Every structure is written in C-alpha cells, then in structure tokens.
Amino acid sequence: MPSNPISAALIAWFAANKRSMPWRNTKDAYKIWLSEIILQQTRVAQGMPYYERFIAHFPDVHALAAASEGEVMRLWQGLGYYSRARNLHKAAKIVSQERAGEFPNSYEDLLKLPGVGSYTAAAIASFAFGLPTAVLDGNVYRVLSRLFAIDTDISSGKAKKEFTNIAQGLLPTSESATHNQAIMELGALVCLPKNPKCQQCPLSDYCEARRLSKPQAYPVKKRKIKVKTRYFYYFIFQNEAGSLYLKKRDTSDIWASLYDFPMLESDKSLSLEEVFAVLPSQDWLLKGSSDYQKHVLTHQHLQVRFSYFKIKDTGSAWQSFLQQHKAQAFDTITVEALPKPILIANYLEKWQLSLY
DNA sequence: CACGCGTGGAC
DNA sequence: TGTCCAAGCGT
C-alpha cells in the first residue's frame, strides 16, 4: 500500500506532536520487545521507570536470560500482570540460548515467543525490522471505529479480523513503523475514550464519527468488566524479635505465587466480631488483638477491602501456631504502614523470611 | 470465545 | 466514590 491522505496527515501530525520515549530512538529488537511487554495494558508513565530499571540491570537479552526468576520478579514487582514477567524471562532464555541472542525477524516467528501475541509481534516486526505489519491495539480500535463509524463490537473475533484488514489497508508499506506509532499516539493524546479532542485532530476532515457528531459512540464494546468484591481479613503475626509470618499465595488466584499474610476471606464485609466468630476459637487470636488498621484498595477488575489485624503480643501462642504449620521466621521487618500484598514479594527477597 | 490477570490515572 | 480503561496475552 502506497501512502494515502489519512496516513500522510497522521504522520505529519506525529512528527510535530510525538512524545519522546527511550525505545523510540532505537532499532534494537531487545529494547523494543522489552518496552512492548512492559506497555501491554500499561500507561507509558507507569511503565517508564520499569523500563529504565530493566535496561539498567539487563542491558541485553543475555543478561536478562542469565538472571534468576526471583530477580526478574523483584524488578517487575508493583507493575501488575505478573505472567508478563515470567514469560519475559522465558522468552529471553529462548532468544539467548536457542537463537544466540537474535530475535525472530518475522511476524510468524515473533508470535511463537511466550508473551508475544498478535499486537506485540506486529509492533516488533514493524518497529525493529520495518516490516509492513499493522498494529491493532485499543487505540487503533478506537481511532478506526470513529474514523469509519464502525459499530462492530470490538470485543468480538469478527471485529479483530475486520479492524486488522482496515488497519492493514491504511498502512503505507514504506513507513509502517512511523504510521503504526502515529495512530497509537493519536489515540493516546487526541482521540481519547471519553472526551476526544476533535478540534486538534489531524483526521477530523476524514472522520465519519465527527461528521455524525457522535465520536463518543465509538468504539462499541459489549463485553463489560465484572467487578467482584472480595473481603480479605489479614492477620499480621509478629514475634518478640519483630519477625513477621508470611504465606505464599495459591497459583490459581490473584497475585499468583506471591506472598502475603495469612488471612480469612469472605464474600461480604465482616465486623471485627464476625471475623473472630468465623475463625476457629483459638487462644492466640482471642487474646491477641490489640491493634487494628484498615486499608482499602480498589481497581477495575476486583475490589478488595483489606483489614489488617496486627497481633502484637502473641508470645508462646504465636510460636505454637507457627510450629503447628511447620513455619519458622527470622530477621526483622518494621511495618509502620502496612503494604499491599504485592509488596511482600519484595520483602521476601530483601529480608529472606522463611515461609510455610 | 470468554474470562482472568494488576495497578494507577482520569473524570 | 464509582467507573472506565491503558502499546494484550494465555487458556
């Protein structure tokens, strides 16, 4: 596909308005891949410090492949979607060990790497290798659905094919990298989900949704995110030496395989009395509650209310509890502001706490 | 195909 | 305060 008026306008706008990002100044497939994995479902401002930290620790794919999974998880901690970090490490080992550090240079082969799906494969193919593969992400869905007033449900498989074809048809072969970045940047800066800045848009003359005065009607998305509320009642056990008691989480739930405090979960809010009533009536618990703190965390998919019960004076009862669960704890943590469970993984690395 | 996965910003 | 959603992927 040769250039076309829409792409030309897009690219001209991009040249004047693009944000500066470290991974935009390179053709290094490793850096581009790393940035793309980090930026999956993640805003640039949130991912940037992680990208810098990963590059500082692991300047090339061999360094990343040589790291332990614990090191990788520790650097990733706080960013969310932790399977990305595990797949990142797996893919680094594949590229380092099976491909002598050379990233796959075709869309099909990139797709085989763990953690690399259709979007990321197209992005790397185009940004690093100049191949004419159109990217299709949330921004592109939004921009294209408005541009052509397409009301296909973007959460459907049909839409993926339809939008892929349109995106591919719009992509100028010779400038695929610039065009791809430009359309995503337009979605991120101008063609916003809620209040699109149509006055500033270089494509407004071509935009069907704009002509119909209903840009906010696009894209059409039927699948709604269900928000569940789970109530977690944590028990913070601390012995005389100040050591804390941690538990590794299940592999098939939120925060898979990360560490948090032992807890009681409920599908409804419980009063302090109810929490104690539901728990087995153990001496260490009934006698031990002397301090209580509460912290609330919410996000899109899941609403979790954390209640932390800090057991200060557990004494011998605490030790027998640990013994009962074959647990030992050593070293010291001072917990002033109690962390979210995700932060516990960091403590584990840092303080070498033992678990059961 | 529908769902789960995380955190933080915007409104 | 609630809702949406952001350079998606794996199952």
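The sequence lines fix the lettering, A, B, ..., with proteins before strands; numbering per chain opens at 1. This structure is a prediction, so every number in the text was calculated from the model and none was measured.
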So [X], base contact, sugar-phosphate only, or nothing? Heavy-atom distance under 4.0 Å.
{"X": "A:V135", "answer": "nothing"}
{"X": "A:W33", "answer": "nothing"}
{"X": "A:N87", "answer": "sugar-phosphate"}
{"X": "A:A45", "answer": "nothing"}

Considering only atom [atom1], compute the distance from [N] to [M] and round it to an integer number of Å.
{"N": "B:dG6", "M": "C:dT3", "atom1": "P", "value": "22 Å"}
{"N": "B:dC3", "M": "C:dC4", "atom1": "P", "value": "16 Å"}
{"N": "C:dA7", "M": "B:dA2", "atom1": "C1'", "value": "23 Å"}

Protein-nucleotide distance ([X], atom [atom1]; [N], atom [atom2]), rounded to Å:
{"X": "A:E185", "N": "C:dA6", "atom1": "CD", "atom2": "C1'", "answer": "13 Å"}
{"X": "A:I154", "N": "C:dC4", "atom1": "CD1", "atom2": "C1'", "answer": "12 Å"}
{"X": "A:K222", "N": "B:dA2", "atom1": "NZ", "atom2": "P", "answer": "11 Å"}
{"X": "A:Q77", "N": "B:dG6", "atom1": "CD", "atom2": "C1'", "answer": "12 Å"}
{"X": "A:E36", "N": "C:dG8", "atom1": "CD", "atom2": "P", "answer": "9 Å"}
{"X": "A:Y119", "N": "C:dG8", "atom1": "OH", "atom2": "C1'", "answer": "9 Å"}
{"X": "A:W76", "N": "B:dC5", "atom1": "CH2", "atom2": "C1'", "answer": "13 Å"}

Checking only heavy atoms, does the side chain of A:Y81 share a donor-acceptor pair with the base of B:dG6 at less than 3.5 Å?
yes
Ignoring hydrogens and geometry beyond distance, is the side chain of A:R24 in donor-acceptor contact with the base of C:dA7 at under 3.5 Å?
yes
Could you tell me whether the side chain of [Y] reaches within less than 4.5 Å of the side chain of [X], counting heavy atoms only?
{"X": "A:L75", "Y": "A:F58", "result": "yes"}
{"X": "A:W33", "Y": "A:D28", "result": "no"}
{"X": "A:F163", "Y": "A:S145", "result": "yes"}
{"X": "A:R19", "Y": "A:E185", "result": "yes"}

Distance below 4.0 Å between [X] side-chain N/O and [N] OP1 or OP2:
{"X": "A:R84", "N": "C:dG10", "answer": "no"}
{"X": "A:T42", "N": "C:dA7", "answer": "no"}
{"X": "A:Q41", "N": "C:dA6", "answer": "no"}

Here's a test of your reading of the structure: between A:S35 and A:G115, which maps to the more 5' nucleotide of DNA chain C?
A:S35
Taking for each residue the nucleotide of DNA chain B with the nearest heavy atom, is it A:K194 or A:S155 whose nucleotide lies nearer the 5' end?
A:S155
Of A:N195 and A:K158, whose nearest nucleotide on DNA chain B comes first from the 5' end?
A:K158
Looking only at side chains, do A:Y119 and A:E36 share a donor and an acceptor under 3.5 Å apart?
yes
Should stems be defined as at least three consecutive Watson-Crick or G-U pairs with both distances under 3.5 angstrom, which of them involve DNA chain B?
B:2-5 with C:8-11, B:7-11 with C:2-6
Of the listed C:dA7, C:dC9, B:dG9, the closest approach to the A:S118 side chain comes from C:dC9
Once the angle between the rings of A:W76 and A:F54 is folded into 0 to 90°, is it parallel (under 30°), tilted (30 to 60°) or perpendicular (over 60°)?
perpendicular
Tell me whether A:E71 is salt-bridged to A:R74, with the criterion being a basic N under 4.0 Å from an acidic carboxylate O.
no
Verdict with supporting geometry, A:Q40 and A:R84, side chain to side chain donor-acceptor pair (under 3.5 Å)
CA-CA 9 Å; A:Q40 285 167 7; A:R84 287 186 296 171; 4.9 Å; no
